[in-house]
2 protein chains.
Amino acid sequence: METTATDTLLDTSAQDYERILDAAEAAAAPLARTDLHERAHLLRSVADALDATASELVPLAAADSSLPEPRLRGEVTRTTTQLRMFAEVVEEGSWLEAIIDTADPDAHPAPRPDLRRMLVPTGPVAVFGASNFPFAFGLGGGDTASALAAGCPVVAKAHPAQPRLTAAYARAIDEGLRACGAPDGTFGVVQGAEIGRQLVQDRRITAVGFTGSTSGGRALADLAAGRPDPIPFYGELGSTNPVFVTPAAAEDRSGKIAGEFLESLLLGAGQFCTKPGLLFVPEQSSIEWLVRTAVADDSFRLLHAGIRQSFLEVSQQILDHPEVRPVAVPEQSGLDELSVRPVIGVTDARALRRNPQDLLEECFGPFGLIVTYTSIDELYAAMAVLPGTLTATVHGTDDDPDAAGLLGALARRAGRVIWNGWPTGVAVGWAQHHGGPYPATNSVHTSVGATAIRRFLRPVAYQSVPEANLPSALVDANPWGIPRRVNGRLS
Amino acid sequence: METTATDTLLDTSAQDYERILDAAEAAAAPLARTDLHERAHLLRSVADALDATASELVPLAAADSSLPEPRLRGEVTRTTTQLRMFAEVVEEGSWLEAIIDTADPDAHPAPRPDLRRMLVPTGPVAVFGASNFPFAFGLGGGDTASALAAGCPVVAKAHPAQPRLTAAYARAIDEGLRACGAPDGTFGVVQGAEIGRQLVQDRRITAVGFTGSTSGGRALADLAAGRPDPIPFYGELGSTNPVFVTPAAAEDRSGKIAGEFLESLLLGAGQFCTKPGLLFVPEQSSIEWLVRTAVADDSFRLLHAGIRQSFLEVSQQILDHPEVRPVAVPEQSGLDELSVRPVIGVTDARALRRNPQDLLEECFGPFGLIVTYTSIDELYAAMAVLPGTLTATVHGTDDDPDAAGLLGALARRAGRVIWNGWPTGVAVGWAQHHGGPYPATNSVHTSVGATAIRRFLRPVAYQSVPEANLPSALVDANPWGIPRRVNGRLS
């Protein structure tokens, strides 16, 4: 893991670690028992506390990350909006997946007992936040919001690149939890690389949410899978987010596409997991030339020195490949110790197909690769070497002969398929899916959107249990008024 | 893996293996494209083919397994009922989890694009069936039925204890698939222990369903997790299925409980994953005495020689423990090479708590352990050392002071909580859950019941994709008439 240039977080002591994990374990049962309104109130209370301290938190995050304050203020809003959305999701109650099959002594081939199933929280969850979204994918970000919504205590591992923000962010969350009377131990923070590895292997932890690099995430995933009792590891690791421009779209609006590509590529200095890192364009199109012309000599401050170092090395390595030509290779000197200028290369689809390892190496930061193709067949052939990805985008026209085929093929390799848009910008809502075949994630679940709650729940069926001992979600009268399936019918 | 006494299955050749896996990969796209009615028709067609060949299949299964023919005929019915249930589940359409958020340019904190999410099949699935249910957890059992329902081709690994049944069972499934025009490669069978390990690591396989022993399952789970691209491994491994008899219930009906315990324990010669292997009873109750009196000197033929050998060794090992006394320790001599008589031991809750490794070792077959307790506190203390389990049962009375506490605590450790019943008998329906904390399974999903389909599906979101290129499940008109969530509301 990286260290910051300016400050460091101290490792959590063994004594504090035990106290935090024991508290999380002790909080699991009382938190699971909260009803839907208490749970929703808890989420809103945390959101309120974050809103109330935003003006204190944003400058700390800016100092840690070099991200501009307006962007960080927007991110706090995204974070509190997300917490409040999960409050609505919790109250609506579908997430409980309550299913009731009443007894049927005449059932074929065997009589059936009364059977009632619902989802319950798995227990304490470990959350590893990302450095690139200090708030929305940080201590109180999507993984924490969805775990709390599920009724799971959270032990968050602080990111080492957030030495200033961490304590204040944790305190704000804690104040929100105290204000609503949440059980002690509902939320805790630990620090240190070795502590993080210990956390994933801790018998008190029941699931892990992770956002970060493929190498770091995979190491933790292997620890989770290697436990005496393996637990689910929900890792959002690397993603190439390819964009395919059809011949018809290139004909129609190359200038618009080139401009929007650069805008999306450079958002957040290219430090988004949804950065469109690959742009497939017809060989004869002017898009490469338009990008070359449009890319400015602006510099971007990266999150920390480790990312800058890796960006300069990997981008150079790809440009040095004999089948890659430079589009924009600016002078990187004369900048401060965190800043870089964008780098863009170009190759062709046949070369990409021959050298996927070399040309698809993850390069966090303002680096993109344009890939030219001479036929649609070449495009499909190149697609076959692309790893799983969070998103895949097609730019086409209204009556585009290539659109249906491309969209269909990409839905088999990506978690989100985008038409005439750009992958950056991940709306938080009911229908969002932020995941995809490995390494995008290694799970059949999402880390953003309402259905992210499903990751931290497991089913329990109650057989012939009398009403008095059933959870409220499953008693006949349906006192919570939630959607349920009764004898096969939704109601 | 075991070999049979009488016959063996030949390993699949390298050439056949490649042909089968390539065919499965090629079938993935056409199978995914089938509409709900075609998919349901496919499942019913397989069920019809199994019904039509039942009289041919049952004697082969009986010869392989020593299970009585009436039991096996019932199991074929369970298998075809399950396939037809999944046909209904598919047609109902909720499993697609279709969610539509229409565009909202005024949304806060950012405008929203049109976003439509649904579940799609993961791709080819490997299925490892169990020896104890040759039909219902075999080639065409629950894992296969739910994977086909999800739209995934299946490559099943034949169980080495089914040398006679395998080819005929596979042929029947194949006939069902041909009769409805399913894509070639929808179903294939491979054989051999090393082939099984290869299958789990095959890049064409996207998920694994497994039912079997903890050791065998864990070895395959580790291979799945260690792939360059890890895939979900849904393993139903070991389970202790503890049964707790409260003081009030023991007072009320010890005789009934003792008799039913023996009946459930010895069902299928104790070779059920839901066998009630632990019976907690008040120390002063007569249940131990009643069990001792009631257990007959009957012998049971086990599935194969490997299970018999392991049964004799492990049951003896547990009985040899200084803190275990024998309840029933019959003479095992004078029986044929597959038969044994039931073995039952007794220990106390304090001893169990001190020696969980020794006393909770998995013993497949007609072995049970009675655990006496002197106080409810002792019961909770012993519960803390029990591993995750598929089921946990409480026997209590109407106004039992201990019922609510026990049921609540057990719901945190088990997948199914049973009141005044027995864990054997797993109804196939909407509300069933057959899973639980590791080693019962290592997943947040079930292997039996309607929701088992969720294991072989992953979400895809379509952003701003025009109607003409959307899957039918997501177009405005809802041509399939499936339940959907539109802008947050279920309809």
Side-chain angles (χ1 to χ4, degrees), chain A residues 29 74 77-78 81 94 99-101 108-110 112-113 115-117 120 122 221-222 225 229-230 232 388 403-404 407 411-412 414-421 425 427 429-433 435 437-439 442-444 446 451 457-466 469 483 485 488 490, chain B residues 29 74 77-78 81 94 99-101 108-110 112-113 115-117 120 122 221-222 225 229-230 232 388 403-404 407 411-412 414-421 425 427 429-433 435 437-439 442-444 446 451 457-466 469 483 485 488 490:
Chain A
T77 306
R78 179 188 172 92
T81 303
S94 290
I99 306 180
I100 297 174
D101 291 345
H108 180 76
R112 290 172 175 285
L115 208 53
R116 297 169 188 240
R117 168 201 185 267
V120 300
T122 57
D222 288 346
D229 57 334
L407 289 166
R412 292 200 284 278
R416 179 161 52 107
V417 176
I418 300 156
W419 174 254
N420 286 351
W430 288 94
Q432 189 54 276
H433 178 56
Y438 188 89
N442 62 342
S443 83
V444 294
T446 182
T451 55
L457 296 164
R458 66 178 181 89
V460 172
Y462 294 83
Q463 181 173 321
S464 309
V465 173
N469 290 322
R485 182 182 298 277
L490 285 172
Chain B
T77 305
R78 179 187 172 94
T81 303
S94 290
I99 306 180
I100 297 175
D101 292 344
H108 180 76
R112 290 171 174 285
L115 206 54
R116 295 168 188 239
R117 168 201 184 267
V120 300
T122 57
D222 288 346
D229 56 334
L407 289 166
R412 293 199 284 279
R416 178 161 53 106
V417 176
I418 300 157
W419 174 253
N420 287 351
W430 288 94
Q432 188 55 274
H433 178 57
Y438 188 89
N442 62 343
S443 84
V444 294
T446 181
T451 55
L457 297 164
R458 66 178 182 89
V460 172
Y462 294 83
Q463 182 173 320
S464 309
V465 173
N469 290 322
R485 182 181 298 276
L490 285 173

query: Going by heavy atoms in the side chains, are A/Val120 and A/Leu457 under 4.5 Å from each other?
result: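 They are not in contact (no side-chain heavy atoms under 4.5 Å apart), so the answer is no.
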Check each atom of [X] against the heavy atoms of chain A and say whether the ones under 4.5 Å are side chain, backbone, both or neither.
X        : result
B/Ser443 : neither
B/Ala221 : neither
B/Ala404 : both
B/Asp101 : both

Per-residue contact mode, [X] against chain B (heavy atom under 4.5 angstrom):
X        : result
A/Leu115 : both
A/Ile418 : both
A/Pro439 : neither
A/Ala411 : both

Contacts of A/Arg416 that satisfy salt bridge (Lys or Arg N to Asp or Glu O under 4.0 Å) - sequence neighbours left out: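 Salt bridge (Lys or Arg N to Asp or Glu O under 4.0 Å) list for A/Arg416, sorted by chain: empty.
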message: So which residue, A/Tyr462, A/Trp419, A/Trp430, A/Tyr438, ends up with the most heavy-atom pairs under 4.5 Å with chain B?
response: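 The option with the most such pairs is A/Trp430.
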- prompt: Who wins among A/Ser464, A/Pro232, A/Pro459 for the most heavy-atom pairs under 4.5 Å with chain B?
  reply: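 Between A/Ser464, A/Pro232, A/Pro459, the count favours A/Pro459.
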- request: Working to the nearest 0.5 Å, report the span between NE2 of A/His433 and OG1 of A/Thr446.
  value: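 Between A/His433 NE2 and A/Thr446 OG1, I get 5.5 Å after rounding to 0.5 Å.
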- prompt: Which is it for A/Ile99 and B/Thr451 under the side-chain contact (heavy atoms from CB on, under 4.5 Å) test, yes or no, and what are the steps along the way?
  reply: CA-CA 10 Å; A/Ile99 306 180; B/Thr451 55; 3.9 Å; yes
